[in-house]
Amino acid sequence: MSGVTLKVASYNIHKGVGLDRKRDPDRILRVLREIDADVIALQEADRRYGMREAVLPRAALDDHSPWQVIEPGHYDSARTAASMGWHGNALLVRRDIEVLGACAVPLPTIEPRGAVCASLRIAGQVVRVIGMHLDLSGLRRWAQVEAVCSHVADHAVQGHAVMMGDLNEWSVKGGALAAFRPPLRVLAPGRSFPSRRPLAQLDRIVISQGFEVEDAGVHRSALAAVGSDHLPVWANLRLP
């Protein structure tokens, strides 16, 4: 089978606070190294109050990791400049992948919600990646999925698309998942929440037509079991 394999992952890091109630950014970084994905979507990557500082130290990522932090280009004050992403959503991309552009994606909601999008060039092909954290309300989740899908469709240069994150959807196949209309494909890597004894598949990966799925799953390790209230999910995708 020819093509290039791309490993993607999504992880709600719960602001770095684990089940032991300790905020431990280094533990999160160690889990990310265990996953070793090419592209990682993070949710709850910023603290909630005050300056909303990034949970993960930028120096640790910039100087001691294989990933670059994607800047969505929305900063307009010192308060938001302390954060890593947009409403807690951040994208990490392996350094040898070319980043063509990035932006924040506003979502229709009352409470602060958003998504981040990065356009990448991989093996000569454009791959658009969106990381998101959707609302607790089912009606708003549906509208947010439609907003994300519209954002992907509105690009002048179309390419492959990967949309992933904490969708907050308890339904296995219905609910807001139905708003990802064919030929989009919703993957179910497995139960990821709560991390100690997973019951729900809240964390999902959605792919466009053209990808082949080599494998997908939930990352389980001793560190991941206590690092957050969610477990990371991942997928190995093959580009044609």
From [X] [atom1] over to [Y] [atom2], what is the distance, rounded to the nearest 0.5 angstrom?
X      : Y      : atom1 : atom2 : answer
Gln209 : Leu184 : CD    : CG    : 9.5 Å
Arg140 : Arg113 : CZ    : CZ    : 10.0 Å
Asp96  : Ile122 : CG    : CD1   : 9.5 Å
Thr5   : Glu214 : OG1   : CD    : 3.5 Å
Ser208 : Arg128 : OG    : CZ    : 10.0 Å
Asn12  : Leu167 : CG    : CG    : 11.0 Å

Are [X] and [Y] close enough that some pair of their side-chain heavy atoms sits under 4.5 Å apart?
X      : Y      : answer
Val152 : Met163 : yes
Ser192 : Pro198 : no
Pro66  : Arg95  : no
Leu120 : Val39  : yes
Pro232 : Val31  : yes
Ile205 : Arg185 : no

So, for [X] and [Y], which heavy atoms are closest and what is the spacing to 0.1 Å?
X      : Y      : answer
Leu107 : Ala147 : CD2-CB, 4.2 Å
Cys149 : Phe180 : SG-CD2, 3.8 Å
Ala102 : Ile70  : CB-CG2, 3.3 Å
Gly175 : Trp142 : O-CZ3, 3.2 Å
Val105 : Cys117 : CG2-CB, 3.9 Å
Ala115 : Ile130 : CB-CG2, 4.0 Å

>> Exactly one of Gln201, Arg141, Arg204 should register a side chain to side chain donor-acceptor pair (under 3.5 Å) with Glu169. Which one does?
In response: Arg141
Following the transitive rule for hydrophobic clusters with a side-chain heavy-atom cut-off under 4.5 Å over Ile, Leu, Val, Met, Phe, Trp and Tyr, establish whether [X] and [Y] coincide in one cluster.
X      : Y      : result
Ile97  : Leu100 : no
Val162 : Val186 : no
Val206 : Val129 : no
Val148 : Leu177 : yes
Met164 : Val99  : yes

> Looking only at side chains, do His133 and Asp166 share a donor and an acceptor under 3.5 Å apart?
Replying inline: yes
Under 3.5 Å, is there a donor-acceptor pair between the side chain of [X] and the main chain of [Y]?
X      : Y      : result
Glu34  : Ser221 : no
Asn89  : Gln43  : no
His155 : Gln158 : no
Ser195 : Ser228 : yes
Trp234 : Pro189 : no
Arg94  : Asp36  : yes
Asp38  : Leu6   : no

>> Which residue in the set Ile13, Ile28, Val55 passes side-chain contact (heavy atoms from CB on, under 4.5 Å) when paired with Leu42?
In response: Ile13
>> Consider side-chain contact (heavy atoms from CB on, under 4.5 Å). Of Leu202, Leu187, Asp203, which one does Val233 pass it with?
In response: Asp203
>> Pair Asp63, Arg58 - check side-chain contact (heavy atoms from CB on, under 4.5 Å), show working.
In response: CA-CA 8 Å; Asp63 300 335; Arg58 283 296 296 265; over 6 Å; no
Flag yes if more than 12 heavy atoms outside [X] fall under 6.0 Å of its [atom1] atom; otherwise flag no.
X      : atom1 : answer
Arg197 : CZ    : no
Leu136 : CG    : yes
Arg191 : CZ    : no

>> For a salt bridge (charged side-chain N to carboxylate O under 4.0 Å, His left out) check, start with the C-alpha distance between Arg181 and Glu146, then their side-chain angles and the critical distance, and finish with the verdict.
In response: CA-CA 9 Å; Arg181 297 180 176 88; Glu146 289 187 326; 3.6 Å; yes
>> salt bridge (charged side-chain N to carboxylate O under 4.0 Å, His left out), that's the test. Do Glu212 and Arg238 meet it? Break it down for me.
In response: CA-CA 5 Å; Glu212 294 183 38; Arg238 183 165 288 273; 5.8 Å; no
> Aromatic rings His230 and Phe193: how do their planes relate, parallel, tilted or perpendicular, breaks at 30° and 60°?
Replying inline: tilted
>> Between His87 and Val116, is the side-chain contact (heavy atoms from CB on, under 4.5 Å) condition met? List the steps.
In response: CA-CA 9 Å; His87 290 310; Val116 288; over 6 Å; no
> Ring centres of Phe211 and His160 under 6.0 Å apart?
Replying inline: yes
>> side-chain contact (heavy atoms from CB on, under 4.5 Å) for Leu91 and Ile40? Distances and angles first, verdict last.
In response: CA-CA 6 Å; Leu91 290 173; Ile40 304 172; over 6 Å; no
> Do Arg30 and Asp24 pass the salt bridge (charged side-chain N to carboxylate O under 4.0 Å, His left out) test, and can you show the C-alpha distance, the side-chain angles, and the key distance before you say yes or no?
Replying inline: CA-CA 10 Å; Arg30 289 157 64 192; Asp24 191 341; 5.4 Å; no
> Stepwise, does the side-chain contact (heavy atoms from CB on, under 4.5 Å) test hold for Met84 with Val69?
Replying inline: CA-CA 8 Å; Met84 180 179 292; Val69 179; 3.6 Å; yes
> Between Lys15 and Asp229, is there a side-chain N and carboxylate O pair less than 4.0 Å apart?
Replying inline: no
